[in-house]
Amino acid sequence: MIDTSWIAPRAANLKRIESWMDSSQNEQLKLLVVDDEPDNLDLLYRTFRRDFRVFKADNGLSALQMLSQEGEMAIIISDQRMPRMNGTEFLSRTVERFPDTIRIVLTGYTDVEDLVEAINSGQVFKYITKPWNPDQLKSVVLQAAETYRVLKQRTLELSRALSRESLFNKVMLAIRESLDYSNMLQTVAETLGNTFSACCSTLIPTDTVNQQRQYLYQISATRFVHIAPEHPDTEIGCNLKAIELLEQSIDPSTLVCDGSIQQQVTQIDENTAITRLTIPFFYQKDCLAIAYLYRIGEPDVWTEETIDLINSVSEQVALAISQSMLYQQLQQQSQQMRTELAVARQIQTNLLRQSWPEIEGIRIQARCIPAREVGGDFFEVLVHPQGDIWLAVGDVSGKGVPAALFMASAISVLRRELSQESPPPPNIVLRNLNASLSDDLVSNNCFITMVLVRYLPGQQKLIYANAGHIYPMVWSRSESATDEAEPTYLDTRSVPLGILPQWHSAAGEVMLPAGSALVITSDGITEATIAAAPSNGSQAMLRQTGLWSMLKQQTGLLNLDQVLEQVAAFNSVQEDDQTILSLEVL
């Protein structure tokens with residue numbers, strides 16, 4: 001929780017100054033005269049008693065005691081030559097506690113050094129020699145009174161500016177450090193309660209109904225209450241019950257307001273009066289929240305100056321609440337999106353066949369790892385009732401949800417084609433896929449690369465068609481152990497699906513006898529990076545030559561998981577979907 005204790009003293013000081021300004025308009029300023037000669041003391045009293053509240057003291061010590069009892073004086077007139085404590089020494093002791101007081105020295109001799117030092121240090125406003133001219137003295141005192149009023153006005157304005165700036169800083173700090181919506185509301189409630197000396201502060205989020213610029217406050221069940229620490233628990237227990245009763249009496253349908261701050265005194269019983277300050281927070285004509293500040297037993301405790309200060313910072317508070325609401329909405333939307341993508345990923349995983357019948361003498365593996373939650377890569381393994389084995393690997397251009405949608409469409413159309421009693425050759429199947437999907441692919445600037453393989457185990461023959469995909473690799477397991485061994489790349493290929501309205505390509509054929517292997521991958525594997533030169537740490541694209549090197553290092557049967565682990569070891573971030581499929585004739 002953010003510490004707000006540093007704001008309250010400034011607000012309290014501002015309140016004291018405002019209280020003085022209000023009283024000074026109706027009451028006389030206080031003037032203290034200090035002189036050890038009774039005649040001079042009486043004369044000064046009679047001279048100023050009509051215009052000021054005059055206090056008298058016959059020495060410096062008595063004057064200090066009187067200041068302790070009566071508080072700040074607007075003006076102090078002191079004789080310089082007095083026993084035990086001279087005038088400038090006495091006045092110097094009042095500077096720290098009463099910096100705004102105007103000080104005048106009466107002197108009967110020319111003590112230049114003392115007077116110059118007192119004037120230069122700001123302890124003395126004027127000095128007047130005895131015997132003084134009454135008109136001159138009165139003129140100086142009236143000038144001093146005006147100076148005092150100006151100082152107090154400037155102090156008020158400065159304190160008001162400091163308080164406003166402090167609250168601005170507090171709100172901005174809350175924006176930076178508390179983006180969580182609930183924490184923000186709690187922070188605002190505590191800040192308002194502490195800063196403006198409320199015994200209780202309540203902040204209530206609102207739903208806004210905009211009708212002809214009138215706003216209806218719908219009070220939700222969420223409340224945040226802050227209790228000022230200076231009030232004892234026994235008093236607060238009683239006060240909270242009274243405040244709860246007051247809040248329960250509020251009819252939300254009647255809370256229509258023009259956006260101004262309102263102060264209201266409610267008499268709960270003959271012993272309990274509650275002053276409530278209602279503060280609506282508007283941002284871009286929307287009411288986001290309403291705050292209530294409560295004080296017990298002190299009617300009209302918030303002055304107009306304080307209300308103006310609150311009003312001046314309300315926009316910042318509303319901005320803080322608005323940003324927190326936006327952040328919360330984004331968090332909720334992000335969570336909803338993550339949930340939906342997790343479901344989509346599961347659906348896409350279920351679309352890819354994760355199991356297939358065991359075939360004697362044949363070993364098939366397939367892996368597909370999307371770069372995001374969902375992707376555009378796919379594979380298909382289908383054992384036809386006639387005994388043929390159909391294999392496919394495809395890659396939709398792009399990544400994420402759009403590619404995943406076309407991937408689902410491609411699998412659906414492919415399975416429809418292969419489910420026929422006598423499926424056509426691979427190149428005809430791809431032509432039919434292009435006819436079904438090309439309009440949607442073209443309108444969305446997408447295309448699909450794909451390899452479709454039909455393996456006839458009885459004839460050990462492999463028939464394939466390639467629509468712009470990476471060349472499949474075929475090799476003999478017995479020959480791959482030699483350093484010079486190279487795979488056979490099935491290079492019969494045409495353009496990707498979705499490029500031309502009509503797709504045409506011849507089918508390729510190759511024998512795949514016992515001891516042979518077939519591997520089909522997507523470009524997410526061949527375009528991944530690996531260490532090209534371990535000595536200098538440079539990297540290069542894996543390509544099919546690098547993949548072949550990895551495959552040759554394996555002894556015995558292929559392990560596609562090991563291949564994917566080797567590729568991932570050089571790539572902290574997977575840039576593209578990765579799919580690999582293999583068929584081994586044992």
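We're numbering straight along the sequence, starting at 1. On a predicted model such as this, the values are computed, not experimentally measured, just so you know.
In this structure, L558 and R363 approach most closely via the heavy-atom pair O-NH1, 2.9 Å. Across all their heavy atoms, L547 and M473 have their closest contact at CD2-CE, 3.8 Å. Across L293 and A198, no two heavy atoms sit closer than the pair CB-CB, 4.0 Å. When all heavy atoms of D395 and F378 are compared, the closest pair comes out as N-CE2, 4.1 Å. Of all non-hydrogen atoms in F98 and G71, the two that sit nearest each other are CE2-C, 3.8 Å. The shortest heavy-atom contact between V396 and F406 is CG1-CB, 3.8 Å.
Residues satisfying the side-chain hydrogen bond (donor to acceptor under 3.5 Å, both in side chains) criterion with T449, sequence neighbours excluded, are H469. By the side chain to side chain contact (heavy atoms under 4.5 Å, CB included) test, L151 pairs with I102, T147, sequence neighbours left out.
Using a 4.5 Å heavy-atom threshold, the side chains of Q323 and Y327 count as separate. Between T202 and I204, the closest side-chain pair of non-hydrogen atoms falls below 4.5 Å. Side chains of N466 and P472 form a contact here, defined as non-hydrogen atoms less than 4.5 Å apart. For the pair L433 and M450, the minimum side-chain heavy-atom distance is below 4.5 Å. Side-chain contact between I279 and I290: absent, with no pair of heavy atoms (C-beta onward) separated by less than 4.5 Å. Between Y471 and Q544 the shortest side-chain heavy-atom distance falls below 4.5 Å. Between I520 and V453 the shortest side-chain heavy-atom distance falls below 4.5 Å. Residues Y294 and S201 are not in side-chain contact: their nearest non-hydrogen atoms beyond the backbone lie 4.5 Å or more apart.
No hydrogens or angles considered: a donor-acceptor pair under 3.5 Å links the side chains of D377 and S522. Side-chain atoms of Y292 and Q264 form no donor-acceptor pair, as typed in the model, at a separation below 3.5 Å. Of the N and O atoms on the side chains of T303 and T306, at least one donor lies less than 3.5 Å from an acceptor on the other residue.
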Report the C-alpha distance between I321 and M325 in whole Å, list the side-chain angles of each, state the deciding distance to 0.1 Å, and finish with yes or no for side-chain contact (heavy atoms from CB on, under 4.5 Å).
CA-CA 6 Å; I321 296 174; M325 289 177 63; 4.1 Å; yes
What do the steps show when you test D523 against D576 for side-chain contact (heavy atoms from CB on, under 4.5 Å), and what is the final call?
CA-CA 8 Å; D523 58 3; D576 198 0; 3.2 Å; yes
Derivation and outcome, side-chain contact (heavy atoms from CB on, under 4.5 Å), residues F281 and L203
CA-CA 10 Å; F281 296 106; L203 183 69; 3.9 Å; yes
Could you go through K152 and E72, starting from their C-alpha distance and side-chain angles, then the distance that decides it, and tell me whether this counts as salt bridge (charged side-chain N to carboxylate O under 4.0 Å, His left out)?
CA-CA 12 Å; K152 279 300 183 183; E72 181 177 278; 3.0 Å; yes
Residues I525, L564; criterion side-chain contact (heavy atoms from CB on, under 4.5 Å); working and verdict:
CA-CA 8 Å; I525 290 179; L564 292 173; 3.9 Å; yes
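Taking CD of Q365 as the reference point, atom CG of L560 lies at 4.0 Å (rounded to 0.5 Å). Atom CD of Q333 is separated from atom CE of M337 by 7.5 Å, given to the nearest 0.5 angstrom. From R431, atom CZ reaches atom CD of E417 across 10.0 Å, with rounding to the nearest 0.5 Å. Note: Q336 CD to Q329 CD = 12.0 Å, rounded to the nearest 0.5 Å. In this structure, CZ in R367 is found 8.0 Å from OG in S582, a value given to the nearest 0.5 Å. Annotation: the span from Q553 atom CD to Q562 atom CD amounts to 8.5 Å, rounded to 0.5 Å.
The only member of L414, V413, L497 that meets side chain to side chain contact (heavy atoms under 4.5 Å, CB included) when paired with S436 is V413.
By the neighbour-count criterion of 12 heavy atoms within 6.0 Å, atom CD of E315 is sparsely surrounded, having that number or fewer from other residues, nucleotides or ligands. The environment of R154 atom CZ is sparse: at most 12 non-hydrogen atoms of other residues, nucleotides or ligands sit within 6.0 angstrom.
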Using a 3.5 Å cut-off and no angle test, enumerate the donor-acceptor pairs between side-chain atoms of residues 437-444 and protein atoms at least two apart in sequence or in another chain.
from	atom 1	to	atom 2	distance (Å)
S438	OG	N434	O	3.0
S443	OG	D439	O	3.2
S443	OG	D440	O	2.9
N444	ND2	D440	O	2.8

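S419 contributes a side-chain N or O that, together with a main-chain N or O of R415, makes up a donor-acceptor pair within less than 3.5 Å. Without hydrogens or angle criteria, W503 side chain to V495 main chain gives a donor-acceptor distance under 3.5 Å. Counting only distance, with no hydrogens or angles, the side chain of E575 and the backbone of A528 share no donor-acceptor pair below 3.5 Å. S314 places a side-chain N or O within 3.5 Å of a backbone atom of N311 that can act as its donor or acceptor partner. Of the possible polar contacts, one joining the Q554 side chain to the N559 backbone as a donor-acceptor pair under 3.5 Å is found.
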